[in-house]
Amino acid sequence: MTAAASSDADLIAAHAAGDPHAFSELVRRHRDRMWAVALRTLRDPEEAADALQEAFISAFRAAASFRAESQVTTWLHRIVVNACLDRMRRRQTRPTVPLPEAGPGEPVAPRDAMAERETRLVVQAALNELPEEQRAPIILVDVEGYSVAETAQLLGIAEGTVKSRCARGRAKLAKVLGHLRNRGAEANVPGNDVQVQQGRQLEER
């Protein structure tokens, strides 16, 4: 069986056994997807590239300890997310958010484009004000679109903990970003002490 026809788990096993080409094939398969994850999380191509490189180095070194308790993609994804979070933790100062150049997909009205970019900056800054334990699940659930169960698996915490941390993080974001929300959005963003208390109760269970 060729490397291209092997399963991800087979490639991990082959790499751990000393195959010099197996890990390269694994990277080739999943590089684009993992790059997209890093870029969405960090919003900075240079930071994302560095995080991805660090993640693949970590995966290369840790492959022998892979126990097949989850899919290889989930294992890789968790390593990439953790590498991104590590870089976010190291950024003590307020990061800048790179903005795309004008292109065919952008709004025609300059004011609308500027408002959208300003909103993106404000939201990113607000996210970076959250404690790390709240920021990570908020990014995965609300930005990346992962389910609570998937987020719990990626971060290695209980589902109730994910829910409670998201509730606390959303409550803080609601206060900071209240001027950006419309009535429809308010219904989905907890912003009072009762909802925060409910989150705490979930975590304590």
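Residue indices begin at 1 and follow the sequence shown.
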Open item on the list: Taking Lys163 first and then Glu159, would you say they form a salt bridge - that is, a charged N and a carboxylate O separated by under 4.0 Å?
Closed with: no
Task: For Ala62, all residues meeting side chain to side chain contact (heavy atoms under 4.5 Å, CB included), sequence neighbours excluded - done: Ser65, Trp75
- [ ] Report the distance from atom CG of Leu11 to atom NE2 of His21, rounding to the nearest 0.5 Å.
- [x] 12.5 Å
Task: From CG (Leu42) to CD1 (Ile139), nearest 0.5 Å - done: 8.0 Å
TODO: Return the minimal non-hydrogen interatomic distance between Ala14 and Ala22, and the atom names on each side.
DONE: CB-CB, 3.8 Å
Open item on the list: Applying salt bridge (charged side-chain N to carboxylate O under 4.0 Å, His left out), can you list everything that pairs with Arg78, at least two apart in sequence or on another chain?
Closed with: none
TODO: Name all residues meeting the side chain to side chain contact (heavy atoms under 4.5 Å, CB included) criterion together with Gln53; count only those two or more places apart in sequence or in a different chain, and write none if there are none.
DONE: Ile57
TODO: Quick one: closest heavy-atom pair of Leu155 and Leu85, and the distance?
DONE: CD2-CD1, 4.1 Å
TODO: Could I get the full list of side chain to side chain donor-acceptor pair (under 3.5 Å) partners for Gln134, not counting sequence neighbours?
DONE: Lys172
Task: With Ser147 via side chain to side chain donor-acceptor pair (under 3.5 Å) - residues at least two apart - done: Glu150
Task: Summary of salt bridge (charged side-chain N to carboxylate O under 4.0 Å, His left out) pairs that have at least one residue in residues 55-66, sequence neighbours excluded - done: none
TODO: Under the salt bridge (charged side-chain N to carboxylate O under 4.0 Å, His left out) rule, collect the residues that match up with Asp19, sequence neighbours excluded.
DONE: none
Task: Set of residues satisfying side chain to side chain contact (heavy atoms under 4.5 Å, CB included) with respect to Ala13, sequence neighbours excluded - done: none
TODO: Over all heavy atoms of both residues, which pair between Cys166 and Ile138 is shortest? Give the atoms and the distance, please.
DONE: O-CD1, 3.6 Å
- [ ] Could you grab the distance from atom OG of Ser6 to atom CZ of Arg29, nearest 0.5 Å is fine?
- [x] 6.5 Å
TODO: Using the side chain to side chain contact (heavy atoms under 4.5 Å, CB included) rule, take Glu129 and Val176 through it: C-alpha gap first, then chi angles, then the decisive distance, then the call.
DONE: CA-CA 10 Å; Glu129 291 298 321; Val176 176; over 6 Å; no
- [ ] Mind checking salt bridge (charged side-chain N to carboxylate O under 4.0 Å, His left out) for Glu54 and listing every partner two or more places apart, or none if nothing turns up?
- [x] Arg87, Arg90
Task: Atom of Thr41, atom of Cys84 and distance for their closest heavy-atom approach - done: CG2-CB, 3.8 Å
- [ ] List for me each residue that meets ring pair (Phe, Tyr, Trp, His ring centres under 6.0 Å) alongside His15, sequence neighbours excluded, and say none if there are none.
- [x] Phe23, Phe60
Open item on the list: Working to the nearest 0.5 angstrom, can you tell me the gap between Asp142 CG and Leu173 CG?
Closed with: 8.5 Å
- [ ] List for me each residue that meets side chain to side chain donor-acceptor pair (under 3.5 Å) alongside Asn82, sequence neighbours excluded, and say none if there are none.
- [x] none
Task: side chain to side chain contact (heavy atoms under 4.5 Å, CB included) evaluation trace for Thr73 with Arg33 - done: CA-CA 10 Å; Thr73 52; Arg33 181 180 176 185; 4.0 Å; yes
Task: Residues forming a side chain to side chain contact (heavy atoms under 4.5 Å, CB included) with Ala17, sequence neighbours excluded - done: none
- [ ] Of all the heavy-atom pairs spanning Pro137 and Val162, show the shortest one and how long it is.
- [x] CB-CG1, 4.3 Å
TODO: Would you please test Val80 and His30 for side chain to side chain contact (heavy atoms under 4.5 Å, CB included) and show each step?
DONE: CA-CA 11 Å; Val80 171; His30 301 294; over 6 Å; no
Open item on the list: Measuring from atom OG1 of Thr74 to atom CD1 of Ile79, what distance do you get when rounded to the nearest 0.5 angstrom?
Closed with: 11.0 Å
Task: Smallest separation among heavy atoms of Ile157 and Thr161, with atom names - done: CD1-CG2, 4.0 Å
